[in-house]
Protein chains: 2
Amino acid sequence: MDWREYLARHQAAYLEDFRTFLSIPSISAQPAYQAEVQRAARWLAERFRKAGFAAEVYPTQGHPVVLAEYTPYPDRPTLLYYGHYDVQPADNPERWRTPPFEPTVVDGRIVARGASDMKGQVMAFLLAAEALIATQSLGLNVKALIEGEEEVGSPHLPAFVEEHRERLRCDMVINGDSGQLSETTPLISLGVRGICGLEFDLLGPSHDLHSGSWGGQVQNPLHALAELIASLHRKDGSVAVRGFYDEVEPLSPELREWYRRIPWNEEEMRARLGVPEFYGEEGYTAWERITGRPTLEVNGMWGGYTGPGSMTVIPASAHAKITCRLVPHQDPERIVALVKAHLEEHLPKGVRLEVRAMESGAPAFRMRADHPVVQAAKEVLTELYGVPPVETMFGGSVPILSTLKRMLGHDPVSFGFALEDELIHSPNEFFRLSSFERGQRGYAMLLLRLAR
Amino acid sequence: MDWREYLARHQAAYLEDFRTFLSIPSISAQPAYQAEVQRAARWLAERFRKAGFAAEVYPTQGHPVVLAEYTPYPDRPTLLYYGHYDVQPADNPERWRTPPFEPTVVDGRIVARGASDMKGQVMAFLLAAEALIATQSLGLNVKALIEGEEEVGSPHLPAFVEEHRERLRCDMVINGDSGQLSETTPLISLGVRGICGLEFDLLGPSHDLHSGSWGGQVQNPLHALAELIASLHRKDGSVAVRGFYDEVEPLSPELREWYRRIPWNEEEMRARLGVPEFYGEEGYTAWERITGRPTLEVNGMWGGYTGPGSMTVIPASAHAKITCRLVPHQDPERIVALVKAHLEEHLPKGVRLEVRAMESGAPAFRMRADHPVVQAAKEVLTELYGVPPVETMFGGSVPILSTLKRMLGHDPVSFGFALEDELIHSPNEFFRLSSFERGQRGYAMLLLRLAR
């Protein structure tokens with residue numbers, strides 16, 4: 001039997017398996033769901049075994065890792081697939097139209113937490129491999145590393161990869177936590193930005209003061225905070241931290257030309273985000289700003305009285321959280337040190353500063369466009385969609401990509417089937433059943449091509 | 001019997017009355033205590049009647065007003081005393097060493113919510129008047145206006161005064177919601193600053209955005225907020241709002257000389273507040289800054305993710321609350337309009353602005369130092385403490401002072417016995433029993449002097 005026919009015959013059963021996987025609330029962030037995370041790992045390992053893999057659940061200091069292996073060919077290449085089986089929390093039950101862990105099919109979409117991010121994608125990969133194994137057509141070795149902590153920043157994955165480096169040895173790496181541009185337009189991502197972050201407190205008086213009694217004579221930590229944060233950017237939208245751009249290479253004319261070819265409808269995007277206008281570093285286009293240039297963003301800022309009505313207080317302290325998105329050559333630790341130095345240097349009078357660096361930082365990740373696995377992925381996507389993929393980058397950060405590259409020696413190639421409108425991390429997350437099936441075909445085609 | 005002897009003989013009974021008054025939780029801010037607020041008003045009116053007054057409880061649209069009158073002399077002057085019987089909330093029970101509404105005497109201090117602010121002071125006035133009436137020595141007419149909404153901004157008092165203007169007619173006004181510098185140093189307050197306020201929102205994208213996907217291209221409302229708030233002050237500490245100082249008169253050499261005579265130990269104050277250094281408008285001394293110059297203070301500021309850890313968000317909105325302390329000739333409504341105009345004019349790109357003015361504003365209040373009631377108060381304080389009072393102003397705002405002056409035509413003279421360390425508005429509020437007795441003597445002496 002042809003693998004396509006095998007897949008077609010099993011779709012009903014596969015959808016049931018997908019439902020079962022989705023019904024396990026493997027929320028990694030919330031301790032109350034710890035047993036469910038473990039249950040999801042066990043279920044997944046068992047499902048890999050059913051597909052023909054040797055699979056085990058490995059404990060870590062946090063949630064377990066599922067490692068599945070199909071390695072019958074000592075002389076053929078080995079592909080490592082990366083994915084995660086944990087999901088975001090599903091709070092705000094009143095905003096879910098159907099319960100988040102009771103998968104519901106509506107209009108060709110399956111609605112559940114984790115459907116798009118990324119249980120549907122993990123299943124698509126697994127089922128593709130199963131179809132190829134069952135039809136004796138999988139001509140390369142496959143390993144699958146499916147972690148349970150992606151949604152909480154993969155704190156224990158680097159140590160796991162380090163410890164099992166020999167076992168994870170491979171010739172190529174696929175990152176399945178990725179997506180396509182739309183139902184009709186494929187994309188291939190050639191990189192993501194890095195990230196680093198810190199939070200800080202400005203400490204003024206030892207207790208909140210009455211702003212009538214002391215206003216005018218005591219530095220208000222909120223004023224100091226505003227001044228300090230305002231000092232982090234220049235009027236032209238660039239970051240004012242000394243040395244911030246030292247390692248940043250100017251965008252080459254070729255790269256800028258490449259950016260210009262990425263589709264972008266400014267008016268449509270502006271309306272979708274609901275912003276009165278776009279704003280960013282002068283002299284750069286939208287895609288250049290979002291993926292090609294580093295940023296410094298305040299993600300939270302607070303202090304003083306924030307309830308209803310008025311309370312005339314000079315607060316004892318004020319606080320902010322900052323993250324920076326990094327481009328190639330920027331070192332996360334160095335950038336944190338530079339931002340800290342800027343805060344110290346620009347500290348207004350009358351307050352003290354306390355800075356805490358964010359634990360996890362990561363450098364940017366970039367793929368060569370001519371990498372053989374990228375070429376194979378582009379060919380598969382072209383065949384699958386009927387049009388060649390847009391080559392792009394993502395502005396977000398997938399810290400594990402740099403880790404995998406560093407530890408395993410291969411560039412992970414992002415190849416996934418999520419679409420941007422599928423409400424990941426939000427209520428009513430869904431995955432298209434068409435994507436579920438297309439994902440199975442897509443992964444099968446990629447595996448076949450890479451085995452040549 | 002002499003009034004002093006009368007007071008001395010009744011101290012034990014008076015302390016019991018004070019305890020009873022303190023045990024009624026007349027918290028005006030919390031609807032659950034509405035019946036208790038009413039009960040406190042009835043108890044107080046009854047106690048005034050016992051002292052020889054005609055007294056009534058008047059309903060308002062909020063909490064009732066107690067109006068007590070002792071007016072036997074058609075040809076003699078009439079004094080109006082202003083006070084309040086409501087108290088602040090007493091939340092955080094774990095921080096109270098004894099229950100807030102079970103008055104407890106410890107080391108010559110009575111601990112209870114409202115002891116210093118200001119049931120002890122209202123009682124001192126009432127008991128002084130009672131002693132003079134009982135000893136036939138009260139030679140002027142006395143009216144007492146005791147409201148139940150001071151701690152929530154006196155929203156219904158102006159309408160009440162307007163409505164009962166004829167009934168409240170008088171020749172002089174005493175504000176009892178005031179205090180002294182220390183147990184050994186009296187003070188007389190010659191004014192307070194005015195106040196006005198507003199809060200505003202900066203609205204960016206219609207929902208929180210991922211800072212990786214959009215950082216660099218979308219204005220971050222937190223950045224805009226920091227920039228906007230930083231723009232409100234100049235580097236020299238002055239307020240940068242155009243027209244803010246238009247009505248502010250320069251401090252005259254005489255006034256500055258007067259300010260210099262007010263006691264101020266910078267190092268002691270700095271240590272008490274726990275600030276690394278003082279900070280304020282250049283060219284002015286501490287007392288000038290606190291009471292003689294207007295200010296603009298941010299009392300609260302918030303937006304984005306403020307929980308533990310990191311969430312990489314560009315928030316949909318950011319928020320701030322502002323109050324200004326005003327000096328003579330500054331009009332609260334005009335200042336709000338100027339601040340609003342500044343915000344609009346300096347609004348960063350990419351966000352929308354929504355401003356809400358605070359409901360209650362008030363102009364500054366100033367007394368002539370040679371006002372006859374001030375002179376009488378100074379003489380009484382000098383006799384009571386053995387040293388003449390420091391003449392000062394308060395940096396806070398007592399909006400009702402301007403209202404009483406405007407509606408009744410007389411400058412209210414502040415004359416009270418609270419001390420600054422008595423933890424008003426905080427857990428474990430207390431009043432000194434020595435102040436309770438000294439207050440009775442002080443009010444009696446003032447009433448006698450004003451009757452001459």
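Values in this document were obtained by computation on a predicted structure and should not be read as measured data. Quick note on labels: first sequence line is chain A, next is B, and so on, each numbered from 1.
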Selection from [options] maximising heavy-atom pairs under 4.5 Å formed with chain A:
| options | value |
| --- | --- |
| B:G215, B:G396, B:S231 | B:G215 |
| B:R293, B:H319, B:E297, B:M269 | B:E297 |
| B:P205, B:G304, B:G197, B:G280 | B:P205 |
| B:Y284, B:W287, B:W302 | B:W302 |

Between CG on residue B:L228 and CE on residue B:M301, distance to nearest 0.5 Å: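 B:L228 CG to B:M301 CE: 11.0 Å, rounded to 0.5 Å.
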
Distance check, rounded to the nearest 0.5 Å: B:L343 atom CG versus B:L198 atom CG?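 Separation between the atoms: 6.5 Å.
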
Who wins among [options] for the most heavy-atom pairs under 4.5 Å with chain B?
| options | result |
| --- | --- |
| A:P221, A:A230, A:G153, A:A320 | A:A230 |
| A:V275, A:T295, A:V298, A:N220 | A:V298 |
| A:T323, A:L225, A:V218 | A:V218 |
| A:A226, A:G300, A:G395 | A:A226 |
| A:G307, A:A316, A:A224 | A:G307 |
| A:H223, A:E227, A:E420 | A:H223 |

Using heavy-atom distances under 4.5 Å, tell me whether [X] contacts chain B through its side chain, its backbone, both, or neither.
| X | answer |
| --- | --- |
| A:S206 | both |
| A:F394 | neither |
| A:M358 | side chain |
| A:K321 | side chain |
| A:R193 | side chain |
| A:E199 | side chain |
| A:Q217 | both |
| A:S397 | neither |
| A:I195 | side chain |
| A:V351 | backbone |
| A:L209 | side chain |

So which atom in [X] and which in [Y] form the shortest heavy-atom distance, rounded to 0.1 Å?
| X | Y | result |
| --- | --- | --- |
| B:P294 | B:Q330 | CB-OE1, 3.1 Å |
| A:S402 | A:P363 | OG-O, 3.3 Å |
| A:K235 | A:Y279 | O-OH, 3.8 Å |
| A:R352 | B:P276 | NH1-CD, 3.8 Å |
| B:P263 | B:L181 | CG-CD2, 4.2 Å |

Do any N or O atoms from the side chain of A:Y259 and from the backbone of A:G292 form a donor-acceptor pair under 3.5 angstrom?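 Side chain of A:Y259 to backbone of A:G292, a donor-acceptor pair under 3.5 Å: yes, one is there.
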
So does B:S116 get a backbone contact from the side chain of B:E429, meaning a donor-acceptor N/O pair under 3.5 Å?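 Yes, because the side chain of B:E429 sits within donor-acceptor range (under 3.5 Å) of the backbone of B:S116.
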
Can you tell which part of B:R325 gets under 4.5 Å to a heavy atom of chain A, answering side chain, backbone, both or neither?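 Contact with chain A involves the side chain of B:R325 alone.
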
Do NZ/NE/NH1/NH2 and the carboxylate oxygens of B:D201 and B:R356 come within less than 4.0 Å?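 B:R356 and B:D201: salt-bridged.
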
Lys/Arg-Asp/Glu bridge criterion (N-O < 4.0 Å) met for A:E281, A:R289: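 No.
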
Tell me if the CZ atom of B:R234 is crowded by more than 12 foreign heavy atoms within 6.0 Å.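 Result for CZ/B:R234: enclosed.
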
Any side-chain donor-acceptor pair under 3.5 Å between A:H233 and A:S238?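 Not at all, the side chains of A:H233 and A:S238 share no donor-acceptor pair under 3.5 Å.
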
